[in-house]
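Just below is one structure, and these are the notes that go with it.
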Protein chains: 2
Amino acid sequence: MNASDDHRAIGAVSDATVARLPLFLQYLVELAEQGDASVSSERLAELSGVNPATVRRDLAGIGITGTRGVGYDVKYLVHEISVVLGLNQEWPVVIVGVGNLGRALANYDGLTSRGFPVRALVDVDDALLGTELAGVVIEHVRDLPAIVEREAIAVGVLATPSASAQQAADVLVESGVTSLLNFTPEAISVDADVQVRGVDLATELQILSFYQQRSTAARSGTGLPLETTT
Amino acid sequence: MNASDDHRAIGAVSDATVARLPLFLQYLVELAEQGDASVSSERLAELSGVNPATVRRDLAGIGITGTRGVGYDVKYLVHEISVVLGLNQEWPVVIVGVGNLGRALANYDGLTSRGFPVRALVDVDDALLGTELAGVVIEHVRDLPAIVEREAIAVGVLATPSASAQQAADVLVESGVTSLLNFTPEAISVDADVQVRGVDLATELQILSFYQQRSTAARSGTGLPLETTT
DNA sequence: TTCTGTGAAATAGTTCACAGCG
DNA sequence: CGCTGTGAACTATTTCACAGAA
């Protein structure tokens, strides 16, 4: 194992690699659970649907080294990737907006079990205040600064109506939260030092429909509607 | 590439472009609503956070042409991008699994309003059958083939427990659905002609935590050897 | 003039292919 | 042997920079 887990040259890791690490981690955890001690780049590549050389490059890129003729140590991989992704610590979460989506997220234990415990729920609806959901009492958005400090919140999840998303983001950022996960279709703008990722259902579906349309058209040999007769 | 690539206007659109089109569309709709008749690549680039040349290349790539000295016609852009993405038609959706997440999705009107009407809800829990949710009666998974045909379902949304995801996907594909949106953390495998996209909360959060950790380390100057990649 | 459309350069990412370690 | 680690080739994508249309 590496001598200095917390002082790694992570600045050089490419976006493409970072996007694949959670995928690798998922399979590695499965492999670890079923007792596999080591794994080859080929096996991990097969599971993840990428090229073996890509696996080896990714791992080399985050400073992980395997054993020639054998492969990589599964437990070591799990540990090192976790460290690189920052999963050796907890990132307490606040969910802003306790509508349908907020409730679904609060009840989803994949969050807490993976190191993102939902420590607070806030909403603007007075009727909800004091209600308990998934073991957490719903509080008012206006108390966010105190809540963020009290719970050491690291991540804000935006599950508000779109119209309130930017406002909610502003309050979160002012309260000191520097990572946001935005579930609204609204793009939000924040300072450069705040990390934002959006999960937009409509975007996903639109991309899906593009590829679906294309493969359907290809299969049926139909001419494609790009004749801009309009 | 090579000769067999043939005459396929849409087939030539790059993945990177496809991923940006929904983003452009979102801002273009806003611009249209506030009455802007035309937009420059620079303005659209600024809104979307990309390089103006990228905007122009993307648009040229899907056959859209602007007017030199002026810009692009907003309404025309909205229309053409919609056509390319396949949004000039509806894509009826079935949600498989009516737990917390399934309910949240069923109640989310961003789906229906953007051309992805939720036409069916299925589950394996007999207690739910016949219950109405968001105007749709919950049916049993076993009836999927008939449901898919009856409602001309184009997209299946997987909102089941992870353990059932693959099985649900299989049933959907057998029933004739060729686009899947997977909300479970489970990777699912299907035939090559089926489009799958996954929305995994844990993956998003892990990527977020990587970048958060990195920027925090950079700011506090903890001796992290951030390489200058230029 | 302003802003598109696009060669050409720069950069990023992937994959091949093989030397060499265990 | 088998499998990693990586130079080098290849492919994809971004960005510059500028000619030329409106």
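Convention: sequence-line order gives letters A, B, ...; per-chain numbering from 1.
In the region residues 44-60 of chain A, proximity to DNA chain D at under 4.0 angstrom, judged on heavy atoms, holds for A:Arg56, A:Arg57. Within a heavy-atom distance below 4.0 Å of DNA chain D, no residue of residues 34-41 of chain B is found. Residues from residues 19-29 of chain A that place a heavy atom under 4.0 Å from any atom of DNA chain C, listed by number: A:Arg20.
Looking at residues two or more places apart in sequence or on another chain, you find no side-chain hydrogen bond (donor to acceptor under 3.5 Å, both in side chains) involving B:Ser164. Listed by chain and number, the residues in a side-chain hydrogen bond (donor to acceptor under 3.5 Å, both in side chains) with B:Asp109 amount to none (sequence neighbours excluded). Annotation: side-chain hydrogen bond (donor to acceptor under 3.5 Å, both in side chains) contacts of B:Asp58 (sequence neighbours excluded): B:Thr17, B:Arg20. Looking at residues two or more places apart in sequence or on another chain, you find a side-chain hydrogen bond (donor to acceptor under 3.5 Å, both in side chains) between A:Arg119 and A:Glu90.
Here side chain to side chain donor-acceptor pair (under 3.5 Å) pairs that include residues 23-40 of chain A, with residues two or more places apart or in two chains, number zero. The list of side chain to side chain donor-acceptor pair (under 3.5 Å) pairs with a residue in residues 44-55 of chain A, not counting sequence neighbours, is empty.
The backbone N or O of A:Ser179 lies less than 3.5 Å from no partner atom in the side chain of A:Trp91, so there is not a single donor-acceptor pair.
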Cut-off 3.5 Å, no hydrogens considered: what does the side-chain donor-acceptor table look like for residues 60-74 of chain B, sequence neighbours left out?
residue	atom	partner	partner atom	Å
B:Asp73	OD2	B:Lys75	N	3.3
B:Asp73	OD2	B:Tyr76	N	2.9

Review item, side-chain donor-acceptor pairs of residues 197-206 of chain A, under 3.5 Å, at least two apart:
residue	atom	partner	partner atom	Å
A:Arg197	NE	B:Glu204	OE1	2.6
A:Arg197	NH2	B:Glu204	OE1	3.2
A:Asp200	OD1	A:Ala202	N	3.1
A:Asp200	OD2	A:Thr203	OG1	2.8
A:Glu204	OE1	B:Arg197	NE	2.6
A:Glu204	OE1	B:Arg197	NH2	3.2

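The B:Arg68 side chain lies nearest to D:dA22 when the options are D:dT13, D:dG5, D:dA22.
Each end of the helix from C:dT1-D:dA22 to C:dG22-D:dC1 gets its own rotation axis from five pairs of C1' atoms, and the angle between them is 20° to the nearest 10 degrees.
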